[in-house]
Structures are given as structure tokens and as C-alpha cells.
Number of protein chains: 2
Amino acid sequence: MAAPKDPRPCSIADALALVGEKYSLLVLREVCLGNRRFDQLVRNIGAPRDVLATRLRRLVDAGILTRRTYSEHPQRFEYRPTEAGLELEPVLMTLMAWGDRHLRRDQLDRPMVIEHICGNELIPAVTCTACGAPVHHQDLTAHPQTPGWTVTGPTAA
Amino acid sequence: MAAPKDPRPCSIADALALVGEKYSLLVLREVCLGNRRFDQLVRNIGAPRDVLATRLRRLVDAGILTRRTYSEHPQRFEYRPTEAGLELEPVLMTLMAWGDRHLRRDQLDRPMVIEHICGNELIPAVTCTACGAPVHHQDLTAHPQTPGWTVTGPTAA
DNA sequence: AAGGGAGGGTTTGATTTTCCAACTGACCAA
DNA sequence: TTGGTCAGTTGGAAAATCAAACCCTCCCTT
């Protein structure tokens with residue numbers, strides 16, 4: 001009994017409903033970098049304080065961040081990523097690499113470099129777990145599981 | 001001469017400035033699936049028509065989509081991903097996998113399955129290009145390139 | 001010739017969000 | 001006593017979102 005204008009059911013949409021609002025992923029970036037305090041987040045992200053407070057509540061509710069007291073008297077809190085939050089970090093790394101590649105003429109002028117434990121700079125690649133190959137559009141075929149939600153072109157079923 | 005409240009310079013933020021608005025990544029999902037027409041996008045995404053029109057203009061301006069005439073008389077257009085747009089697809093796949101893992105109790109009830117050319121279902125992993133290992137938070141160290149933008153915790157410099 | 005539908009938007013007006021600056025309230029240090 | 005840190009909340013103006021209606025061009029059917 002789906003209403004005629006329900007959007008396509010999709011985990012991308014569901015994920016973005018949690019972390020797709022303005023600043024949410026930047027909050028995650030900062031807490032992953034170890035910046036856990038409200039004022040630090042305000043400064044590093046450049047978000048209005050009230051919006052940031054709203055986002056933090058939402059991310060905590062979603063189980064992506066935890067809010068921990070680090071001082072009673074005065075009450076002070078810090079935010080840390082949960083396991084689920086840390087698992088979004090690869091998304092951030094991939095997005096950062098895309099930005100470095102497409103949004104900067106000078107590839108040597110990157111705002112931030114991530115070092116991997118292997119000793120090299122991290123240049124992330126999204127690969128197929130089964131075969132190990134990097135993921136390319138033309139190698140993918142989508143199979144919607146809900147009747148009625150067809151796909152029409154390349155990446156089609 | 002940075003104003004005291006400039007946010008951290010970062011390619012994640014720059015990328016999100018282009019594709020971080022509501023619906024933008026869903027537009028990319030649809031065009032990657034081969035759904036290229038305005039009305040199709042409206043239906044599949046569930047976005048208001050005016051907002052969608054705004055997003056499409058922005059994505060075309062950003063070089064992530066192209067707008068092609070597929071019929072004069074009447075004038076009709078279709079949207080396709082550019083090379084840069086296609087390179088964002090791995091971000092979508094990673095986000096989808098995260099959503100499948102964390103947002104659904106029943107792992108067998110996924111809204112969409114992607115098949116890789118290798119014959120298996122695509123389960124994407126973000127790996128280090130240099131050593132091939134999957135990317136985990138504790139293996140990363142961040143090095144901001146701009147003086148003054150320190151990081152404090154794990155993933156710290 | 002008159003509808004009706006598809007397609008790709010724009011317009012209108014009401015509702016929500018965002019944004020910014022100022023403020024609170026608890027504490028500490030000079 | 002004044003000033004600063006920290007974690008927010010409050011108030012009011014500005015911007016974005018939303019749904020529904022409208023527009024225009026074409027094709028098809030009656």
C-alpha cells in the first residue's frame with residue numbers, strides 16, 4: 001500500500017537521514033581526530049553553536065557518538081565516536097581523497113595528509129571484498145529487492 | 001590573516017560543500033543507476049521539484065553531472081554523471097554498506113544488492129592503496145598541513 | 001477540435017531551518 | 001573584582017524547504 005510518491009527504499013538514503021545533515025560528517029571528522037569538546041567543535045567546524053548542539057544530540061541518539069562526563073563541577077562533557085561511528089571514517093577518507101583529486105589543482109597543496117600504519121600516506125581505494133579489485137562503475141550491476149523499483153541503464157539489473 | 005572563526009581547511013568539507021546538501025547524493029545514486037530524467041528523479045528520490053531543479057543546476061555547475069538534450073521539440077534533457085561523478089559512486093557504495101550493517105536488524109532484508117563483475121555480491125571495503133590492508137581508525141595518523149590546526153587524540157599527529 | 005497525458009520545469013505562499021549575537025551559569029586564576 | 005573557559009540556551013531576522021498549482025510544448029485519442 002505504498003503511497004504513489006514514496007521514494008526508493010535504500011540504505012544510502014537511510015544513512016544520509018542520520019549523517020547527511022549539514023555539519024554532521026564534519027562533527028564525525030573532528031571526533032575521529034580526537035577533538036571531543038563542544039567549543040573545539042564549534043571552532044574547527046565553523047558551525048553555529050545551536051545547530052551543533054542539535055546535531056550532537058541527533059548523533060548521540062543514533063548511536064554514532066557517545067556523550068561522556070569528563071568533569072562534574074562544573075559539568076563538562078566530551079563526545080567520542082562509537083564503533084558504528086568509527087566505521088564511518090572510511091567514508092570520510094574516501095570523500096577526502098575525492099576532494100583532494102577533484103577540487104584542487106595543486107595536488108601538493110592538500111590541507112591534511114593521513115599516514116597509514118604501513119608507513120605510507122593513505123590513499124584509500126574502495127575494493128570488492130570478494131575479489132579484491134577496485135570498484136568501478138562499469139563493473140557493477142544493481143538488483144533492487146523491492147518490486148517496482150527498477151533501474152534502467154548501466155548498473156542496471 | 002585568517003579570521004578567528006575560520007573552520008579547519010579540509011577536503012571533506014570542500015567535497016560536502018558540493019554534494020552534501022539534502023538530496024544531492026541521492027541524485028547521484030539515481031543517475032548512476034541509469035535514471036536520468038527529471039520526473040524519474042522526482043519520483044525515485046521523493047524531493048520537491050523546485051529543490052531538485054536547484055540541486056541539478058548545482059551538480060552540473062560543479063562538474064559532477066552533465067545536462068544533455070535528448071530531444072529538441074519539445075526540449076527535453078537528461079542528466080548523466082561525469083567522470084568525477086562516477087568516482088563518487090564508491091562513496092555511495094561504502095555508505096550503503098554501512099547502512100545495511102548498522103541500520104537493519106535483518107541482514108537479509110536489504111533494499112538493494114549490488115553485484116560485482118567477479119560474480120559475487122559487492123561488499124565494499126576501503127583499503128590502503130599502498131599496502132592493501134583495510135582501513136581501520138587505529139591505523140591512521142593525521143597530519144594537518146596548515147599551522148594552527150592541531151589534532152589532539154588518536155589519529156593525531 | 002477537444003481532451004488528456006508525458007515531460008521539464010517555475011511560481012506561490014506557508015512552514016522549517018539556519019544563522020548570528022547575546023546571554024546564562026558554573027567554575028578557575030590574577 | 002575582573003576576566004576567561006566551557007557547554008550550552010534564547011531571540012529574532014534571513015534563508016531554505018515543502019506541497020500544490022501552474023505553464024508550455026508536444027503527442028495521442030476521441
Side-chain angles (χ1 to χ4, degrees), chain A residues 2-7 13 16-27 30-31 34-62 65-80 148 150 152-153, chain B residues 2-7 13 16-27 30-31 34-62 65-80 148 150 152-153:
Chain A
K5 52 161 290 216
D6 284 350
L16 288 174
L18 295 186
V19 298
E21 292 170 297
K22 200 171 177 184
Y23 304 121
S24 292
L25 285 176
L26 298 183
V27 170
E30 287 300 317
V31 298
N35 296 320
R36 312 191 166 104
R37 275 118 115 125
F38 189 85
D39 272 24
Q40 236 170 355
L41 298 176
V42 168
R43 277 193 300 276
N44 292 3
I45 295 170
R49 306 175 76 81
D50 57 339
V51 175
L52 186 61
T54 305
R55 294 293 179 276
L56 287 169
R57 270 189 293 267
R58 197 161 166 51
L59 290 170
V60 169
D61 288 354
L65 299 182
T66 56
R67 185 183 191 248
R68 287 185 28 164
T69 299
Y70 73 86
S71 150
E72 329 254 357
H73 296 305
Q75 279 228 307
R76 292 291 147 76
F77 310 99
E78 63 180 12
Y79 297 89
R80 288 163 179 269
T150 56
T152 63
Chain B
K5 52 162 289 218
D6 285 351
L16 288 174
L18 295 186
V19 299
E21 293 170 298
K22 200 172 177 184
Y23 306 119
S24 292
L25 285 175
L26 299 183
V27 170
E30 287 301 317
V31 298
N35 297 320
R36 313 193 167 103
R37 275 118 113 125
F38 189 86
D39 273 23
Q40 237 169 355
L41 298 177
V42 167
R43 278 193 299 276
N44 292 3
I45 295 170
R49 306 174 76 81
D50 57 339
V51 175
L52 187 60
T54 305
R55 293 294 179 275
L56 287 169
R57 270 189 293 268
R58 195 160 169 52
L59 290 170
V60 169
D61 287 354
L65 260 43
T66 56
R67 184 182 193 250
R68 287 185 28 164
T69 299
Y70 73 87
S71 150
E72 327 255 358
H73 297 309
Q75 280 229 307
R76 293 290 149 77
F77 310 99
E78 62 180 14
Y79 297 90
R80 288 162 180 268
T150 56
T152 63

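Per chain, numbering begins at 1; letters A, B, ... match sequence-line order.
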Below 4.0 Å: OP1/OP2 of D:dC6 and any side-chain N or O of A:Y79:
no

Please list, chain by chain and in numerical order, all residues satisfying side-chain contact (heavy atoms from CB on, under 4.5 Å) with B:E21, sequence neighbours excluded.
B:S24, B:R55, B:R58

Are there any protein N/O atoms within less than 3.5 Å of an N/O atom in nucleotides 12-15 of chain D, and if so, which ones and at what distance?
none

Closest listed nucleotide, where the reference is the side chain of B:D39 and the choices are C:dC19, C:dT10, C:dG8:
C:dG8

Are B:K22 and D:dC18 close enough that a side-chain N or O sits under 4.0 Å from OP1 or OP2?
yes

To the nearest angstrom, how far is B:N35 atom CG from C:dG8 atom C1'?
16 Å

Report yes if at least one side-chain N or O of B:Y23 is closer than 4.0 Å to OP1 or OP2 of D:dC18; otherwise report no.
yes

A:R36 vs D:dC6: side-chain N/O to OP1/OP2 distance below 4.0 Å:
no

Give a yes-or-no answer on whether the side chains of A:Y79 and A:R36 include a donor-acceptor pair shorter than 3.5 Å.
no

Quick one, give me the B/S/- string for nucleotides 24-30 of chain C, reading 5' to 3', where B means a protein heavy atom under 4.0 Å from the base and S means that only happens at the primed atoms, P, OP1 or OP2.
-BBS---

So which nucleotide from D:dC18, D:dT9, C:dG9 ends up closest to the side chain of B:F38?
C:dG9

Identify which nucleotide among D:dA7, C:dT18, D:dA21 has an atom closest to any side-chain atom of B:R49, counting heavy atoms from C-beta outward.
D:dA21

